[in-house]
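Below: the structure, in structure tokens.
Note that these values count all heavy atoms, side chains included, but never hydrogens, waters or copies made by symmetry. Proteins get letters first, then strands, A, B, ... in listed order; numbering begins at 1 in each.
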Amino acid sequence: MDIKATERKWQLRWEKAKLHQFDEKSDKPKYYVLEMFSYPSGAKLHIGHWYNYGPADSYARYKRMKGYNVFQPMGFDAFGLPAENYAIKTGVHPKDSTEKNIETMEKQLRAMGAMFDWSAEVKTCEEDYYKWTQWMFLQLYKKGLAYRKEAPVNWCPSCQTVLANEQVVNGACERCSSPVVRKDLTQWFFKITEYAEELLSGLDGLDWPEKTKNMQRNWIGKSTGCEIDFTAESGDNIRVYTTRCDTVYGVTYVVLAPEHPLARKLTTPEHLAEVEAYIDSAAHANEIDRLSATREKTGVFTGSYAVNPVNGRRIPVYLADYVLASYGTGAVMAVPAHDERDFAFATKYGLPIEKVIECPSGETVLPYCEDGIMVGSVQFDGLIGQEARDSVSAYIYKLGKGGKKVNYRLRDWLVSRQRYWGAPIPVVHCPKCGVVPVPEKDLPVKLPYDVEFRPDGKSPLAKHEKFMNTTCPNCGGAAMRDPDTLDTFVCSSWYYLRYADPDNDRAPFSREAADKLLPVDTYVGGAEHACMHLLYARFFTKALRDMGYLDFDEPFKRLVHQGVILGPDGNRMSKSHGNIVSPDDYVEQYGADAFRLYLMFGFSYTEGGPWNDDGIKAIAKFMERVEKLVLKIDGYKKPKEQERYGAEEKALDYARNFAIGRVSRDMEAFSFNTAIARLMELTGALAKYEALPEKNIALMKETAKDLVLLIAPCAPHFAEELWEEIGDGDFVVEHDYPVEDPAKLVLDEKEYAVQVNSKIVTRTMIANGLSNEEIEAFARELPEVKARMEGKTVKKCVVVPGRLVNLIVG
RNA sequence: GCCGCUGUGGCGGAAUCGGCAGACGCCUCAGACUUAAAAUCUGAUACCCGAAAGGGUGUACCGGUUCAAAUCCGGUCAGCGGCACCA
């Protein structure tokens, strides 16, 4: 088979027949298969793209042959830093490089033979897309889910931009690894925390990898505790949050975050200088230092005292940067006896340590941080754990000093970027009216082409006067645009919705189109998005639902992560490791089908692993073998009227139906390597049968057809080419997938493992349909069994039908 | 430190519910075809002892439950991923 000619031929024919477009009129059930769209980078498709899109496309094809009306779109996540960085380096405009890259990638994706519905293609950098991204922003703003606030943000001095929490890795920029510093800026946020509880509880019903769900649970970080008011002597109220209110009688001081609003107010004049110095150094400490858990605790006494509401005890108020301003109330009660951090701090600063929890078993070694028996706590003495906490929090509530409280670690999503290559934020800053959203009719706020993107700490757009100077939609006076653009994760939070209605120019999508095609039935993509894209997209879906634009709660019903293909040396493929393997040479030599088959066969799909190409020749050989065999069988004369159907035929029929059942099951489960293995077995069985002197030609032809149909999703061009020879004239991908015939899987006899005292002594064929007693009797008569039974009796017999018989003798 | 995952031949990896460990493939070896090689085909291929028949040991390690454990339970070790002062 001329591989290249075959691939071209079928790609053209598929395109001409518009075979991969979603069929609006079909009455088959819809099935939405989605792969995470890709960033249009300059390089060609790498192995990761092939590994994600190839097998996932085979899954889509499988679903189609199983009778679904499959929708599988593709597009480009086209805004983002790399294009801008490339522009800074080379002077090529991000728009130009991005468009060129998209063109190349589209071509390559078509060459893969994937059945993407290109009529629904989405490119996030195009006006008719980002117009609606801006629209999304406005809806969230209207709903009170987008707000602006001055906040300490993660600032990358090298990229000259603010980073989301998720883009900071170990205190360094995810992209360039420069240390991240803190800086105060007025920024836009999305109130994702408003949905924290639903984002958490919604995970339970999703068919997602447990690992990913767990990561999101962790990220959301729900904690149930208690808020307690400590009254300062100044009269100010210091509210703290704790998960261990059962230790409240052991509080020996209170700690505020340096950024706490009361920090300065509570400081007495003689401590002011020291406190100011501490607050200042905390503000300038970079994130690496501050986030390091092993770092020695630092803090400073404010000079004031507060009162513990449960026992009236007077305790000092400290500032320390081990308390985070952004979590809970920004203040904690310190119980050094039962918290490691408080213990370390109290030890360093000579503060009292008082035990109020007793270890239920053995000696109590401080700090003791587990649940235990309350002591020294008046009426609560003797209570343990959750019961203790419930009682104490109820008491605090009764005192009017706080009560039960749920907190989440999840922070609001910072979406402002001081960058050029993104969707402009559609608001105007008016000296009279303040922040004014751009009216929807004026969207899109167009991203100008002629900008200076060299970074100098200002947003590139801020330097573009024509863009910046505008009039206030409210009062008509002179006003300025917002110079920032939106995080690209905003663009990718709703693209799966736009696919459903890509040409709509009156709305991002119609509700009918979205409700018809969504949610996505199976979503395939990398695990690295667990706490970013996948969380943001869920948030968008829920927010849009609450605004009445959608009628479902979750965007992605089933999620599958492909593994990562590493370099041959076991490291991540990267230029710096010099271990990048290009798919091109393989595709050139063996063809797209063989390469796709090998990716499916050589790895466990969700695991991935180091690249090695040892098996790719074997795959090419396998395809050749199938081709020769199928064509040879096709060449046999039409069958005679009555053909033999004996033991060999039964065996072939068994192999055929076994393969059908197992391949179907494996495809459904993304267990592609075993699916291909079963196809190899069937090929072997068919070849063995074909070599017999006498054979049932009709059965052989049917089996060959099934073989081609079973392979079709995995090697699409190859299968079309064979199907053209042996099939019924239609496209193979439009044909129904074979269905197993259970009757053909019932054999007259099965091989049993025969065990004596759980050790295998022999294997034997035993006829189907015998009772357990009959099987036992049969087994007892076997010579291998008899030899081991002399002078002994059978005490017990375990029969696993069709598998084994175990005689316990003694 | 916390949460999660993984550990199976020389290699990639299989093994619904606990039921014949090592499917399928690579590598290697032997044989057939060939003057020869390549290609192709056939067979062998977990490890140890043994010429063989056969016997023994094996799913990171230690222990437990069970007629039966790669699979379940407890502990240990190693690797990977995530979170990381969240009170």
Quiz item: In which ranges does RNA chain B form stems of 3 or more consecutive Watson-Crick or G-U pairs, distances under 3.5 Å?
Solution: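 Only these stems qualify: B:1-7 with B:77-83, B:10-12 with B:24-26, B:28-32 with B:40-44, B:46-49 with B:54-57, B:60-64 with B:72-76.
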Quiz item: Using the C1' atom in both, what is the distance from B/rU28 to B/rG12, to the nearest Å?
Solution: 16 Å
Quick one: is [X] getting a side-chain N or O under 4.0 Å of the [N] phosphate, OP1 or OP2?
{"X": "A/Y327", "N": "B/rA87", "value": "yes"}
{"X": "A/S223", "N": "B/rA87", "value": "yes"}
{"X": "A/S604", "N": "B/rA14", "value": "yes"}
{"X": "A/N673", "N": "B/rG12", "value": "no"}

Self-check item: A/D229 vs A/V240 side-chain heavy atoms within contact, under 4.5 Å
Solution: no
Quiz item: Taking N and O atoms by type only, does the side chain of A/D614 place a donor or acceptor under 3.5 Å from a partner on the base of B/rC26?
Solution: no
Quiz item: Are any of the side-chain nitrogens in A/K213 or A/E210 under 4.0 Å away from the carboxylate oxygens of its partner?
Solution: yes
Quiz item: How close do A/P336 and A/I353 get, heavy atom to heavy atom, and via which atoms?
Solution: CB-CG1, 3.6 Å
Practice problem: Identify which nucleotide among B/rA21, B/rG19, B/rG55 has an atom closest to any side-chain atom of A/I760, counting heavy atoms from C-beta outward. | Solution: B/rA21
Practice problem: Could you walk me through whether A/N772 and A/E776 pass side-chain hydrogen bond (donor to acceptor under 3.5 Å, both in side chains), step by step? | Solution: CA-CA 6 Å; A/N772 286 1; A/E776 179 183 345; over 6 Å; no
